[in-house]
Asker: 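What follows is a structure written as structure tokens; I'll ask about it next.
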Amino acid sequence: MASEAKGQESKFRRICVFCGSSHGKKGSYKDAAIELGRELVSRNIDLVYGGGSIGLMGSVSQAVHNGGRHVIGVIPKTLMPCELTGEKVGEVKAVADMHQRKAEMAKHSDGFIALPGGYGTLEELLEVITWAQLGIHEKPVGLLNVDGYYNSLLSFIDKAVEEGFVSPNARQIIVSAPTAKENMSPAMKELLQIELGDGAAWTAWRRREIEIGKEE
């Protein structure tokens with residue numbers, strides 16, 4: 001996969017990745033984090049993330065760092081003892097609290113991708129989606145739905161649309177790609193081509209999806 005994208009330049013300089021501070025129970029989660037990191041490297045994109053050196057955070061950051069790209073980790077001082085162990089990867093920005101962490105990550109990023117994670121990952125993801133809905137930013141938001149991890153979340157959002165709490169237009173903010181281990185490469189390619197390769201293509205895709213939503 002990475003070899004296919006080698007030499008491709010992205011209009012995006014930095015992508016923020018939200019993900020867990022644990023690896024989860026499936027090896028496919030770690031594999032997806034490493035594959036995403038390598039894909040960013042192949043497209044000359046730097047990483048912004050939550051600053052931890054453990055779990056999926058450690059996997060994606062190490063993959064980007066090993067590939068020679070710049071890594072910016074943003075972490076609250078209170079979390080440094082438990083999430084930042086061993087040698088630091090790239091540049092570490094210590095901040096006062098979780099609110100400042102999210103603001104700093106957003107400020108330094110041109111787009112967002114969420115890997116599997118827990119409460120913190122979900123909260124970060126939903127906040128940037130909400131910001132997009134409110135017009136605070138126009139940065140793409142991607143979801144790597146590894147082995148269907150986020151199926152329940154996507155079903156919930158569809159239910160919210162059905163019940164009138166989320167508009168069909170707002171539903172299209174999220175670009176989701178299924179990333180089961182056996183078809184990681186095509187799914188990753190699909191997501192990164194829309195998300196990272198061409199901002200104009202992503203905007204056109206969003207408009208097309210919105211029009212489809214109106215017709216339905």
Side-chain angles (χ1 to χ4, degrees), residues 1 5 8 10-20 29 32-33 35-36 39-40 43 45 47-49 56 60 102-103 105-180 183-216:
M1 174 64 205
Q8 294 184 19
S10 169
K11 295 180 181 179
F12 293 78
R13 296 180 303 152
R14 300 191 191 108
I15 292 297
C16 178
V17 174
F18 303 132
C19 58
Y29 300 147
E35 179 72 11
L36 175 57
E39 191 66 28
L40 295 179
R43 295 173 182 272
I45 299 171
L47 172 70
V48 179
Y49 81 116
L56 298 187
V60 68
K102 290 181 292 184
M105 288 194 295
K107 181 176 74 173
H108 292 289
S109 303
D110 301 312
F112 309 91
I113 293 178
L115 284 160
Y119 286 142
T121 301
L122 188 60
E123 190 265 345
E124 290 165 338
L125 171 65
L126 292 177
E127 182 146 345
V128 296
I129 292 171
T130 302
W131 289 350
Q133 178 180 261
L134 296 175
I136 295 173
H137 72 78
E138 295 183 352
K139 301 174 182 180
V141 181
L143 190 65
L144 289 187
N145 190 20
V146 183
D147 285 345
Y149 181 79
Y150 283 113
N151 283 352
S152 295
L153 172 63
L154 294 171
S155 294
F156 162 74
I157 296 172
D158 289 336
K159 181 65 173 177
V161 173
E162 180 183 332
E163 298 295 337
F165 290 103
V166 173
S167 72
N169 289 4
R171 173 63 179 86
Q172 306 306 328
I173 290 171
I174 310 170
V175 177
S176 176
T179 55
N183 67 346
M184 172 69 75
S185 294
M188 190 74 72
K189 182 177 180 180
E190 176 188 353
L191 178 60
L192 288 171
Q193 279 183 336
I194 296 174
E195 288 271 322
L196 312 183
D198 189 341
W202 181 84
T203 300
W205 182 89
R206 278 282 311 279
R207 287 175 178 167
R208 185 171 65 252
E209 291 299 307
I210 288 170
E211 289 304 313
I212 292 173
K214 287 179 180 178
E215 292 174 2
E216 294 176 348

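Heavy-atom basis, side chains included; hydrogens, waters and symmetry copies ignored.
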Asker: For His108, check side-chain hydrogen bond (donor to acceptor under 3.5 Å, both in side chains) against everything at least two apart and list the hits.
Answerer: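 For His108, the residues satisfying side-chain hydrogen bond (donor to acceptor under 3.5 Å, both in side chains) (neighbours in sequence not counted) are Glu104.
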
Asker: Minimum heavy-atom separation for Val60 to Ala33, with atom names?
Answerer: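 Answer, listing the atom of Val60 first, then Ala33: CG2-O, 3.5 Å.
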
Asker: Give a yes or no answer on whether the side chain of Tyr149 reaches the backbone of Gly117 with a donor-acceptor pair at less than 3.5 Å.
Answerer: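 Present.
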
Asker: Quick one: are Leu144 and Leu36 in side-chain contact, heavy atoms under 4.5 Å?
Answerer: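 Yes, close enough: below the 4.5 Å cut-off.
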
Asker: Quick check: does any side chain N or O of Asn145 sit under 3.5 Å from a backbone N or O of Ala177, one acting as donor and the other as acceptor?
Answerer: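 Not confirmed, Asn145 side chain does not pair with Ala177 backbone.
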
Asker: Under 3.5 Å, sequence neighbours excluded: what are the donor-acceptor pairs made by side chains of residues 122-130?
Answerer:
unit_1	atom_1	unit_2	atom_2	d
Glu123	OE1	Lys102	NZ	3.4
Glu123	OE2	Lys102	NZ	2.3
Glu127	OE1	Lys102	NZ	2.7
Thr130	OG1	Leu126	O	2.8

Asker: Restricting to side chain to side chain contact (heavy atoms under 4.5 Å, CB included), what partner residues turn up for Ala103, sequence neighbours left out?
Answerer: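 Ala103 satisfies side chain to side chain contact (heavy atoms under 4.5 Å, CB included) with no residue once adjacent residues are dropped.
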
Asker: Against Leu143, only a single residue in Ile113, Leu115, Leu154 fulfils side chain to side chain contact (heavy atoms under 4.5 Å, CB included); can you say which?
Answerer: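 Exactly one pass, corresponding to Leu154.
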
Asker: To the nearest 0.5 Å, what is the distance between OH on Tyr49 and SG on Cys19?
Answerer: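 With rounding to 0.5 Å, OH (Tyr49) is 8.5 Å from SG (Cys19).
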
Asker: How many angstroms lie between atom CZ of Arg14 and atom CG of Leu47, to the nearest 0.5 angstrom?
Answerer: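 Those atoms lie 10.5 Å apart.
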
Asker: Measuring from Leu153:CG to Ser176:OG, what's the distance to the nearest 0.5 Å?
Answerer: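 That separation rounds to 9.0 Å.
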
Asker: Short question: side chain of Asp110, backbone of Arg13 - any donor-acceptor pair under 3.5 Å?
Answerer: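 Checked: pair present.
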
Asker: With side chains defined as the heavy atoms from C-beta onward, is the minimum distance between Val175 and Pro140 less than 4.5 Å?
Answerer: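 Side-chain contact under 4.5 Å: no.
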
Asker: What residues, two or more places apart in sequence or in another chain, satisfy ring pair (Phe, Tyr, Trp, His ring centres under 6.0 Å) together with Phe18?
Answerer: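 With neighbours one apart ignored, the set is Phe112.
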
Asker: Which residues pass the side-chain hydrogen bond (donor to acceptor under 3.5 Å, both in side chains) test with Glu162, not counting sequence neighbours?
Answerer: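 side-chain hydrogen bond (donor to acceptor under 3.5 Å, both in side chains) check on Glu162 returns nothing, list empty.
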
Asker: Listed by chain and number, what are the side chain to side chain contact (heavy atoms under 4.5 Å, CB included) partners of Phe165, not counting sequence neighbours?
Answerer: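 Applying side chain to side chain contact (heavy atoms under 4.5 Å, CB included) to Phe165 gives Ala160, Glu163.
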
Asker: What pair of heavy atoms forms the shortest contact from Lys139 to Ser109, and how long is it?
Answerer: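 Shortest heavy-atom separation between Lys139 and Ser109 comes out as NZ-O, 2.7 Å.
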
Asker: Do Ile157 and Ile174 come close enough that some side-chain heavy atom pair is under 4.5 Å?
Answerer: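 A side-chain contact under 4.5 Å exists here.
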
Asker: State which residues pass salt bridge (charged side-chain N to carboxylate O under 4.0 Å, His left out) with Arg171; sequence neighbours excluded, sorted by chain then number.
Answerer: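 For Arg171 the salt bridge (charged side-chain N to carboxylate O under 4.0 Å, His left out) partners, ignoring immediate neighbours, are Asp158.
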
